[in-house]
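One structure is given below, encoded as structure tokens.
First the proteins, then the strands, lettered A, B, ... as listed; each starts at 1. A quick note: this is a predicted structure, and the numbers were derived from the prediction, not measured. Both backbone and side-chain heavy atoms feed into the values below; hydrogens, waters and symmetry mates do not.
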2 protein chains.
Amino acid sequence: MNREVAHSPSVFHKTSMTRCSHDFHVNCNNCRLSSICLPLALDINEIDQLDRIIQRSRPLQKGDHLYRQDEEFRSVYAVRSGSVKGYSITDNGQEQVTGFYFPGEVLGMDGIAKNHHASSARALETSSVCEIPFDQFGELSQRLPNLQRHFFQLMSQEIAADQQMLMQLSKNTADQRVATLLLSISARHRRRKLSAANFRLPMSRTDIGNYLGLTVETVSRVFSRFQKLGVLGVDNKEIAIVDPEGLQTMANGTDIN
Amino acid sequence: MNREVAHSPSVFHKTSMTRCSHDFHVNCNNCRLSSICLPLALDINEIDQLDRIIQRSRPLQKGDHLYRQDEEFRSVYAVRSGSVKGYSITDNGQEQVTGFYFPGEVLGMDGIAKNHHASSARALETSSVCEIPFDQFGELSQRLPNLQRHFFQLMSQEIAADQQMLMQLSKNTADQRVATLLLSISARHRRRKLSAANFRLPMSRTDIGNYLGLTVETVSRVFSRFQKLGVLGVDNKEIAIVDPEGLQTMANGTDIN
DNA sequence: CGCCCGGCTTGACGTGTGTCAAGCCACAGG
DNA sequence: CCTGTGGCTTGACACACGTCAAGCCGGGCG
């Protein structure tokens, strides 16, 4: 089944979805990420069924929105390349970054409850995503117990991760928060078989600060301090984790326990 | 189920829920909470099927555990009466309160991902819960699209709520956090057709502080200040919201915007 | 009764991080 | 080329909240 008839894409969110010339041969079976993404728990035949409902559009440019807060909820999304920032705007107009999403990770699940997105998502760099229409996905997981179970797990994981994050924000110092974030990003790179020690941060210091509940200045100071301590190499957005154990120590209680 | 036990101030919670002789006939169909709990989206026949897998044990005493962190995950739970505190322990041994659960609310979903509970849950007072074995629940929701969908929504809601909470912790002052928590508890009372203005906090100041990322002392001071400002009436754990709009103002940006 | 103990309140003081302000650097556009 | 702009860094200072300490209150128990 050729896929480009499958998604008459024009109907949805304006420009973000158009034609996709180079993508015609991408599918879950040949995707490098299938082992850490939604297909994880499925057999070949099941993956095929999943693949059939997935829509792949041309890449998003930096700053493009995947979805916007309060928009009607239609799909969840899996990041295929690049990176995405999730954020929401409070009543009093402040932005709160709720997460960063890397390849193989799924976002948009917070919109299921109210059938409207509870947050916005936008590309931090040129990125491509798989769109998974939720109606069809719900039907499919009705038929594929493995898929249902895996999606339950995915959502559960997000809950657990958010609660970890709560811990971060309520109990930890600036040093600990930054260290933990870096370790988290590092681990996610490792999961994708990329270097866990050297990587580029796709987001700005401002976003990091916002996410961690700190100001830009504080984030900047922490980076500087870590570099001075020989734990990190920092060249603008290029990060080198020089002393992983040291960083882990910072992430925990550090100091003189 | 007469409601005046709820606020007999002298006797405290001891009386609020004692023997469970009356529990043998409790089921989702006659449960006052069915309209806000899991059965919400189901028709009579479906509720019956759900009801058949639910296990109801005798009430938990204050301090009893519903489940413990790292224990094998078997069930999710719905609170029927009383209240429950969710918390987890970090590597470095600190406790972090992750949530408070009132009647009609479902907890334990953070354990699905790893098949082990990511947190512990214990009763803040004498409480009763419905246990929902997750294997059977999974099968059932395979057959009942409404149930699957509702559970997706429930988990989504938890994700969205946690992200709201992230916002709280990273951006708000002590005043705002406490005000928001009180408003949340108030709203949840209203949902159960109880007084939104007068209620008893089942948790200690320490728990509140832990949950909100504040110290006991700060929480106490905020309560005092709110009382002095005429927004709140505070008599130990008995709370009266004297000026709901004022409290709402505190919860937002307050001050001279 | 008197004692202890845990939960709560209140005060005095210290500190981590926010705020404000200035300056640097890279890059884009005229 | 110069200039503007946005992201980042660094310093000086202020303040909200944590820390430490003392005291109150009510309940349980010998």
note: A/Asn172, atom CG; C/dG16, atom P; distance rounded to Å ~ 15 Å
Phosphate oxygens OP1/OP2 of C/dC8: is one of them under 4.0 Å from a side-chain N or O of B/Lys237? yes
Atom CD1 of B/Ile239 and atom P of C/dC8 are separated, to the nearest Å, by 11 Å
B/Lys62 atom NZ is separated from D/dG27 atom C1', nearest whole Å, by 12 Å
A/Asn210 CG to D/dC8 P, in whole Å, measures 13 Å
Whole-Å distance, B/Ile208 CD1 to C/dC8 P, equals 8 Å
Rounded to whole Å, CG of B/Leu212 lies from P of D/dG18 at a distance of 10 Å
Under 4.0 Å: is that the gap between some side-chain N or O of B/Ser224 and OP1 or OP2 of C/dT10?
yes
A/Arg205 CZ to D/dG6 C1', in whole Å, measures 14 Å
Q.
Can you tell whether the side chains of A/Arg205 and A/Glu217 come within less than 4.0 Å, N to carboxylate O?
A. no
Between CD of A/Glu217 and C1' of C/dG23 the distance, given in whole Å, is 13 Å
*Could you tell me whether B/Gly213 contacts a base, only the sugar-phosphate backbone, or nothing, with contacts defined as non-hydrogen atoms closer than 4.0 Å?*
sugar-phosphate
**Asked** Do A/Leu201 and A/Glu238 come close enough that some side-chain heavy atom pair is under 4.5 Å?
**Response** no
### Message
Within the 4.0 Å heavy-atom criterion, would you say A/Lys171 contacts the bases, only the backbone, or no part of the nucleic acid?
### Response
nothing
key: Contact under 4.0 Å: B/Thr215 side-chain N or O vs D/dC17 OP1/OP2   = no
query = Using 30° and 60° as the class limits, which term best fits the ring planes of B/Tyr67 and B/Tyr77: parallel, tilted or perpendicular?
reply = parallel
When B/Lys228 and B/Asp207 are each assigned the nearest nucleotide of DNA chain C, the 5'-most assignment goes to B/Asp207
| query | With respect to the phosphate group of D/dC17, does any side-chain polar atom (N or O) of B/Arg221 fall under 4.0 Å of OP1 or OP2? | reply | no
Notebook entry, point to check: Which part of the nucleic acid does A/Ser204 contact within heavy-atom distance under 4.0 Å: base, sugar-phosphate only, or nothing?
Noted result: sugar-phosphate
Side-chain atoms of A/Val216 come closest, of D/dT9, D/dC17, C/dC8, to D/dT9
Under 4.0 Å between a Lys/Arg side-chain N and an Asp/Glu carboxylate O for B/Asp175 and B/Arg225? yes
Winner on side-chain proximity to B/Leu214, out of D/dC8, D/dT9, D/dG18, is D/dG18
Between B/Lys85 and B/Glu95, does any side-chain N to carboxylate O distance fall below 4.0 Å? yes
